[in-house]
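One structure is given below, encoded as structure tokens.
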Amino acid sequence: MSVNWALPFEERIVPEGAHNLVDIETYHKLHRLSVENYKEYWASIAKELPWFKPWEKTLDDSNPPFYKWFVGGELNACYICVDRHAKSWRKNKVAIIWEGEPWENEKAREIRKITYGELFREVNRVAYLLKSYGLKKGDVIGIYLPMIPELPIFMLAASRLGVAFSVVFSGFSADALAERMNDAEAKLLVTADGGWRNGKVVPLKQIADEALSKCKTIKNVIVVRRTKEDVNMAQGRDEFFDKLMESVPQNVYVEPERVKSEDTLYVLYTSGTTGKPKGQVHDVGGYLTLLHATMKDVFDIQDTDVYWCTADIGWVTGHSYIVYGPLMEGATTLMYEGSLTYPEPDRWVSIIERHGVNIFYTSPTAIRGWMRFGEEWVKKHDVSSIRLIHSVGEPINPEAFRWLFKLLGREKVPFGSTWWMTETGGILISHTPGKYLVPLKPGTNGPPIFGVDADVFDDNGKPQKPEERGYLVIKKPWPGMPLTIFKDPERYKQVYWSRFQGVFYAGDYAVKDRDGYFWILGRADEVIKVAGHRLGTYELESALIQHKAVAEAAVVGVPDELKGEVPVAFVILKQGYTPSEELRKELNLWVRERVGPIASLKNVYFVSKLPKTRSAKIMRRVVQAVVVGKPVGDVTTLEDGASVEEVKRAYLELQKEVQG
Ligand code: WTA
């Protein structure tokens with residue numbers, strides 16, 4: 001909901017290191033061609049993948065919005081990411097560089113380099129293990145792991161068998177895990193004894209046990225030993241991974257399943273505007289095609305590169321741009337376990353220096369966090385290997401852009417802010433959108449990539465005038481789009497395809513400037529981005545009303561200097577409870593326990609009444625405007641189903657309560 005209104009901001013930067021620079025008019029001409037012939041364009045990209053069987057129809061659009069890409073084609077994601085490289089000159093090339101978090105004493109330092117040959121062996125062995133549980137195409141497994149190599153290995157092994165996986169971010173709580181696993185009807189869960197974060201152990205198995213007591217479908221649990229803590233093991237259900245692997249032969253080969261292009265690769269849950277997280281279902285053929293296009297065009301990936309994306313694999317960015325994207329290109333992908341500023345603020349730069357990172361993909365929140373510690377930490381290190389930088393997850397403020405551009409980019413490295421979302425599967429808007437670089441404008445996202453028809457609509461579904469705020473839409477199907485919401489096709493239609501007829505509604509506010517650059521300004525719905533992580537305010541509200549003292553609750557996002565946006569809660573207490581500092585703390589803790597540590601409330605306001613429309617909907621914009629201190633005039637016309645007078649009155653009443 002927060003909108004960082006940065007326009008007009010017309011600074012243009014042409015980095016010295018720019019190759020393939022095109023002026024924006026030329027780019028738009030080429031782009032238009034790719035959009036007019038989008039099926040042919042995407043087919044030309046998909047042809048570069050090794051299909052077991054070529055497709056018959058590029059796009060089945062007979063039943064919109066349930067589009068199917070490359071129908072009739074057969075392939076296997078694990079084969080594409082692993083086998084074809086392991087059976088080539090890349091066999092001894094490093095596929096994954098992994099660095100563990102503990103670093104204080106030299107004995108605890110761990111770095112693993114896994115070659116494509118080794119990855120091939122491990123993935124086959126794990127696929128063999130999964131198969132021994134009777135898992136087969138059509139099944140779903142859950143993965144709740146920290147950032148350790150077993151995470152991508154299990155993902156790849158599952159896709160080798162055509163088994164879909166659903167990864168749950170290891171910072172999520174037991175309730176969040178249980179809810180997702182139940183919805184996905186997962187049969188098996190892979191977890192770990194614990195994970196390292198900021199020098200502390202996160203007791204993952206303990207959290208998983210709590211979740212498992214509420215999971216109906218999970219019959220088996222595989223536990224990877226990472227922190228070597230003592231954990232409870234349920235007999236007949238839980239087994240240690242290392243123990244299980246003892247009986248798996250060293251050099252087994254498991255034939256990669258020939259899956260259909262439109263089969264499910266994974267289900268990943270996103271927070272929505274209603275209580276239940278939505279399981280985004282991604283296909284194999286379309287998804288890999290988009291990743292291939294963007295790894296080549298947006299990241300310009302080369303065989304000599306060390307590529308590092310700082311996201312967690314528990315989110316879509318890690319799925320697409322730590323695991324499947326880089327590995328399908330045979331690249332070297334770096335994966336770091338823990339906090340980027342542990343044990344010292346320069347951990348991230350020391351990783352860049354030690355591993356010679358060339359391409360760096362990070363987030364505005366991370367950058368703002370580093371800025372706090374000052375430039376000196378960056379200057380201690382040689383970062384000359386960096387040749388390309390991108391950011392993702394939230395709008396990038398020009399200050400953060402300039403800081404990293406100067407210190408890491410030495411004012412000559414191309415640095416863009418790529419827009420996309422869990423739903424889109426991969427990057428759709430970028431400054432390096434198609435083997436080309438367009439001049440950078442700090443704070444913008446650039447034009448859409450080739451083949452993607454993005455636009456900004458006004459409230460009535462008409463293209464918005466340049467430099468006016470509207471809603472971001474995608475007007476043509478693109479490979480990588482969701483197949484549906486898991487088990488809920490109606491909701492898929494309703495959430496994304498009903499706001500404006502026949503186009504995909506992203507839920508973001510956006511502006512298109514006169515150069516055709518997009519400025520994504522933030523969510524237009526009840527989703528907030530806390531440190532770049534997506535949270536539904538409704539999830540926090542439902543956690544709050546489960547507390548015995550709470551009668552009603554409203555949560556809104558407010559701007560935060562470090563995290564971009566943070567949630568604040570408005571709470572009406574039940575009879576017999578009185579506001580207090582303790583209760584405030586208790587409620588915060590309560591929400592963190594139910595949703596996860598990222599759901600930390602910045603503030604809890606106790607109020608006697610919440611502003612509502614006549615149809616009993618909470619006037620969220622009023623609530624938000626009051627906390628942010630926006631004038632009431634800015635909201636009066638924005639609230640559906642309420643008159644200007646009602647909004648004004650509600651605003652003033654709430655303001656009085658908050659200030660009093
Ligand atoms: C926001 C993350 C501005 C946006 C890949 C979107 C961005 C939501 C950017 C999706 C960016 C992502 N500039 N905003 N470069 N990238 N967003 O599903 O609001 O976690 O709708 O996917 O993040 O978040 P999700």
Side-chain angles (χ1 to χ4, degrees), residues 1-7 167 169 171-172 268-273 277-280 282 287 290-291 294 298 309-322 325 361-367 389-398 400-401 404 415-433 440-449 454 456 469 471-474 480-482 485 495-496 504-512 517-537 557 559 563-565 598:
M1 284 229 295
S2 100
V3 175
N4 290 327
W5 193 260
L7 268 181
V167 180
F169 172 54
F172 270 137
L268 182 59
Y269 286 83
T270 58
S271 297
T273 47
K278 305 186 286 265
Q280 304 293 342
H282 281 292
Y287 180 71
L290 178 60
L291 296 190
T294 50
V298 177
C309 165
T310 65
D312 191 293
I313 296 174
W315 305 96
V316 76
T317 306
H319 280 58
S320 298
Y321 295 111
I322 296 177
Y361 196 25
T362 193
S363 73
T365 290
I367 302 168
I389 308 170
H390 278 298
S391 148
V392 65
E394 25 166 351
I396 187 160
N397 45 314
F401 173 91
L404 202 68
F415 175 11
S417 170
T418 59
W419 177 87
W420 59 296
M421 52 200 297
T422 310
E423 289 81 341
T424 67
I427 295 165
L428 298 191
I429 301 181
S430 163
H431 289 100
T432 51
L440 307 174
K441 282 193 227 177
T444 68
N445 299 95
I449 63 167
V456 177
R469 189 179 81 165
Y471 305 95
L472 180 65
V473 295
I474 314 291
M481 65 196 308
I485 291 177
V495 175
Y496 305 105
F504 177 86
Y505 171 73
D508 275 320
Y509 284 128
V511 167
K512 199 159 78 166
Y517 279 54
F518 284 72
W519 303 62
I520 313 300
L521 303 169
R523 300 290 309 178
D525 56 11
E526 278 93 61
V527 169
I528 58 175
K529 299 267 348 214
V530 182
H533 301 321
R534 189 160 158 181
L535 274 182
T537 49
K563 296 184 178 170
E565 221 178 355
I598 53 167

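All ligand and atom numbering here is 1-based and tracks the order in the structure.
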Original post:
Between Phe518 and Trp420, is the gap from one ring center to the other below 6.0 Å?
Top reply: no
Original post:
Which residue, Leu428, Ile427, Val392, forms the side chain to side chain contact (heavy atoms under 4.5 Å, CB included) with Trp419?
Top reply: Leu428
Subject >> Atoms in ligand 1 with a heavy atom of Thr422 nearer than 4.0 Å >> reply: 18 (O), 20 (O), 22 (O), 25 (P)
**OP:** Within a distance under 4.0 Å of any heavy atom of Thr317, pick out the atoms of ligand 1 and give their elements.
**Re:** 5 (C)
Original post:
Has Ser417 got any heavy atom lying under 4.0 angstrom from an atom of ligand 1?
Top reply: yes
Original post:
Is the side chain of His533 donor-acceptor paired with the backbone N or O of Lys529 at a distance under 3.5 Å, no angle test?
Top reply: no
Original post:
Got a donor-acceptor contact below 3.5 angstrom from the Asp508 side chain to the Ala510 backbone?
Top reply: no
Original post:
Considering only protein heavy atoms, which is closest to atom 24 (O) of ligand 1, and at what distance to one decimal place?
Top reply: Lys529 NZ, 2.6 Å
Subject >> Between Tyr361 and Thr418, a side-chain donor and acceptor under 3.5 Å >> reply: yes
**OP:** Identify the protein heavy atom lying closest to atom 10 (C) of ligand 1, giving its residue, its atom name and the separation to 0.1 Å.
**Re:** Met421 CB, 3.3 Å
**OP:** Could you see which bit of His533 sits under 4.0 Å from ligand 1, with heavy atoms only: side chain, backbone, both or neither?
**Re:** neither
**OP:** Below 4.0 angstrom from a heavy atom of Pro395, which ligand 1 atoms are there? Numbered from 1 as shown, please.
**Re:** 3 (C), 13 (N), 14 (N)
**OP:** Taking all heavy atoms of Cys309 and all of Tyr321, pick out the closest pair and write down the distance.
**Re:** CB-O, 3.4 Å
Original post:
Would you say Gly393 has any N or O atom under 3.5 Å from an N or O of ligand 1, going by distance alone?
Top reply: yes
Original post:
So is Trp419 in contact with ligand 1, going by heavy-atom distances below 4.0 Å?
Top reply: yes
Original post:
What residues form a salt bridge (charged side-chain N to carboxylate O under 4.0 Å, His left out) with Lys512, not counting sequence neighbours?
Top reply: Asp455
Subject >> Main-chain N/O of Thr365 paired with Glu394 side-chain donor or acceptor, under 3.5 Å >> reply: yes
**OP:** May I ask you to check whether Glu423 has an N/O atom sitting below 3.5 Å from an N/O atom of ligand 1?
**Re:** no
**OP:** Check ligand 1 against Thr418 and write out every atom of the ligand that is under 4.0 Å from a heavy-atom position of the residue.
**Re:** 9 (C), 11 (C), 15 (N), 16 (N)
Subject >> Within-cut-off N or O pair, Arg523 and ligand 1, under 3.5 Å >> reply: yes
**OP:** Would you kindly specify which portion of Ile396 sits under 4.0 Å from ligand 1, judged on non-hydrogen atoms: side chain, backbone, both or neither?
**Re:** neither
**OP:** Could you tell me whether the side chain of Ser430 and the main chain of Pro448 form a donor-acceptor pair under 3.5 Å?
**Re:** no
Original post:
Under a heavy-atom criterion of less than 4.0 Å, does Asn445 contact ligand 1?
Top reply: yes
Original post:
What protein heavy atom is closest to atom 19 (O) of ligand 1, reported as residue, atom name and distance in Å?
Top reply: Asp508 OD1, 2.6 Å
Original post:
Which heavy atom in Val316 sits nearest to a heavy atom in Thr422, and how many Å separate them?
Top reply: CG1-CA, 3.7 Å
